[in-house]
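Each chain gets a letter, A, B and so on, in the order the sequences are listed, and its residues count up from 1. These numbers were taken from a predicted model, which means no experiment stands behind them. Worth knowing before you read on, the calculation uses all heavy atoms, side chains too, and leaves out hydrogens, waters and symmetry mates.
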Amino acid sequence: MPEPLLRVRNLAKSFPLPRSPLDAVRRCPCEAVHAVDGVSFDVARGRTLGLVGESGCGKSTLGRCLLRLYRPDAGEVWFDGVDLVRLEEPDLRPYRKRMQVVLQDPYSSLDPRQTVGSALLEVLGVHGIGSPADRPERVARLLTQVGLRPPDARKYPGEFSGGQRQRVSIARALAVGPELLVADEPVSALDVSIQAQILDLLLELRRSLGLTMIFISHDLRVVRYLSDDVAVMYLGKVVEHAPAPELFARPRHPYTLALLSAIPEVDEPVRPTVEILGEPSSAVHVPPGCRFHPRCPWKVERCLHEVPQLREVAPGHRVACHEARA
Amino acid sequence: MTEPGLVVDGLTVEIPTSRGVVRAVRGVTLSVAPGEAMALVGESGSGKSMTCRAIVGLLHPPARITAGAVRFQGRDLAGLSEPEFERIRGTGIAMVFQDPMSALNPVLTIERQVAEALPAASSPPRERRRQVVALLRQVGIADAERRLRAYPHQLSGGQRQRVMLAIVLARRPAVLLADEPTTALDVTIQAQILKELRRLQAQLAMSLVLVTHDLGVVRQTVQRVAVMYAGQVVELAPTAALFARPRHPYTAGLINSVPSVDRRAALAPIPGTPPDPVGLGDGCAFAPRCPIASAECLRGEIPLRAVADGHWSRCLKAHVVGGARVAGTAAQGS
């Protein structure tokens, strides 16, 4: 089997909370938000992994750790055979070119005072791609690739609609010819008709460029459309990970079942319904045992103190639940 | 004779801007029967929220109603003074918003805010507290006694929306307008709140107007749907009929744009973007994005016409619009 492009092992990241002066004097231990806690997975070249979960589950933090926009507290991120966690800034530079990100809000990630063309030229220049003479030609090609027109290079971000702006930020990510694209809620701010256009563009680019993708979203419908594999996250942990057709046909974790049951489908729903009560627990005071147990309809005594490990219940299908059946 | 429920008749809302007049709502006509749940669905800028705000007299100036009427139990609301409107908003028509934080008072406790919504009878404080706890329990707040002294910022988004529903329950309005009430919530919480909303609507036999962009939420919550585009209702139909066979190409396009977890069917996105709301002409506003438009679609106002029992479409070619999820509704593009 070929070496996966991305291999993540026991990744953890927490953010310390500000401590009140009184707590500091009393030497109370500093509390922290445990955003990502012991996550492991592989992504093979050319495949798309969907990371799905509700707000606060750690999916965006995980994405940023992979890109080394955050330094993980522990764990390994092997990218093409190199552990990025151990690299320092100058050595990371070549890898930054090979992995790019597209964010939810193209408004805040584009400079409003710079034309789209000059922003793209700048990216090409910084990474030394092509000669100065042929860069305008590259910019035109990039814009065409994402469904815009070459004359759009003269426009400012404010002259585009939300969907077109997301096309611009995709063009900027593609400018350096990345192998891995991390897309963090790229369509969540868009209206549904525009969302579908961008999803199809991402599908097309993945096909034509052979991109490996991490697709982060809270929307299982969107994840289903784009992903080969899906990892479901809850409070910083992956609770289920499987090839997409398998996950959606035979979900095993009660949280995955609950997520699927909660989706307001346009088609008639055809799956069993698992309803969960209450809200996610705090990522500061994480429940002992299984983190999902306070909301779980299946919980037994063991779940209150024993952390379930991911185990394989079918080929490629891993579940972290004591009660999940093979 | 007094009409039952809520009637919106030819409602037009205009906003003067430096670029010209934006006609945000263009002649919307709807009626909601007592106890009926209906939805206004559309994308940003379609005029759905503006319609809702115009109904309850909460338009932000300079937006104003320039034509049409809103009648509630036979009374025209458009000409009411603010104090008169205030009374109607109490028990006649209530509204919940996407962000309950903006509707709740940040410096008053939950108990105080729910108690204020109770009928102004002179029941003793202990009795009022008992009523507030009962209301909070009814909308699914488990530890209601402990929440009495909480302030809105101490609650999660889902809990705050539940408090809003408790206030609605206390007022027992005849009509509830809910503007994207679950859009800011996670999907499992959304499912809980929608269930609560449906239960409340049935229990109070209240009319519900749900404003949303999410067709899935529409399908699961209401009996009738008005689809809005560029300030107009372009299709009005019973929910089941709308999803079984949309009769406006915009509705068909919207349905084909929603991915499903059950089927990995190709999406058929609507090409292009919604029109500039300044200087909309008389013809069909959707024509530039429409796969079946022709020259006649741009000639003059297109009326909303009945295509089946209770099913209306503002399309000259409603008879050729296919069933839901037809492939190739439109070519791709930007």
Worksheet item: Can you tell me how far CD1 of B/Ile189 sits from CD of A/Glu279, rounded to the nearest 0.5 angstrom?
Response: 4.0 Å
Worksheet item: Side chain, backbone, both or neither: which part of A/Gln195 has a heavy atom under 4.5 Å from chain B?
Response: side chain
Worksheet item: How far does OG of B/Ser257 sit from CG of A/Leu190, to the nearest 0.5 angstrom?
Response: 12.0 Å
Discussion item. Using 0.5 Å steps for rounding, measure from the CG atom of B/Leu267 to the CG atom of A/Leu203.
Written reply: 8.0 Å
Discussion item. With a 4.5 angstrom heavy-atom cut-off, is it the side chain or the backbone of A/Leu199 that approaches chain B, or both, or neither?
Written reply: side chain
Worksheet item: Out of curiosity, B/Asn256 CG to A/Ser193 OG, how far, rounded to the nearest 0.5 Å?
Response: 12.0 Å
Worksheet item: From B/Thr273 OG1 over to A/Gln164 CD, what is the distance, rounded to the nearest 0.5 angstrom?
Response: 6.0 Å
Discussion item. Less than 4.5 Å apart, side chain to side chain, heavy atoms only: is that true for B/Val187 and A/His218?
Written reply: no
Fill in: Interatomic spacing from CG in B/Asp214 to CD1 in A/Ile263 - rounded to 0.5 Å
10.5 Å
Worksheet item: Tell me, side chain or backbone of A/Ser55 under 4.5 Å from chain B's heavy atoms, or both, or neither?
Response: both
Discussion item. When you compare the side chain of B/Thr188 with that of A/Glu54, does any pair of heavy atoms fall below 4.5 Å?
Written reply: yes
Worksheet item: Taking A/Tyr225 for the side chain and B/Val258 for the main chain, is one N or O donor matched with an acceptor at less than 3.5 Å?
Response: no
Worksheet item: Given the options A/Ala258, A/Gly278, A/Pro280, A/Ala196, which has more heavy-atom pairs under 4.5 Å with chain B than any of the others?
Response: A/Ala196
Worksheet item: Considering only heavy atoms, which portion of A/Arg149 lies under 4.5 Å from any heavy atom of chain B: side chain, backbone, both, or neither?
Response: neither
Worksheet item: Are any non-hydrogen side-chain atoms of A/Glu275 and B/Lys195 less than 4.5 angstrom apart?
Response: yes
Item to complete: Can you spot which of A/Leu220, A/Val187, A/Val222 makes a side chain to side chain contact (heavy atoms under 4.5 Å, CB included) with B/Pro259?
Response: A/Val222
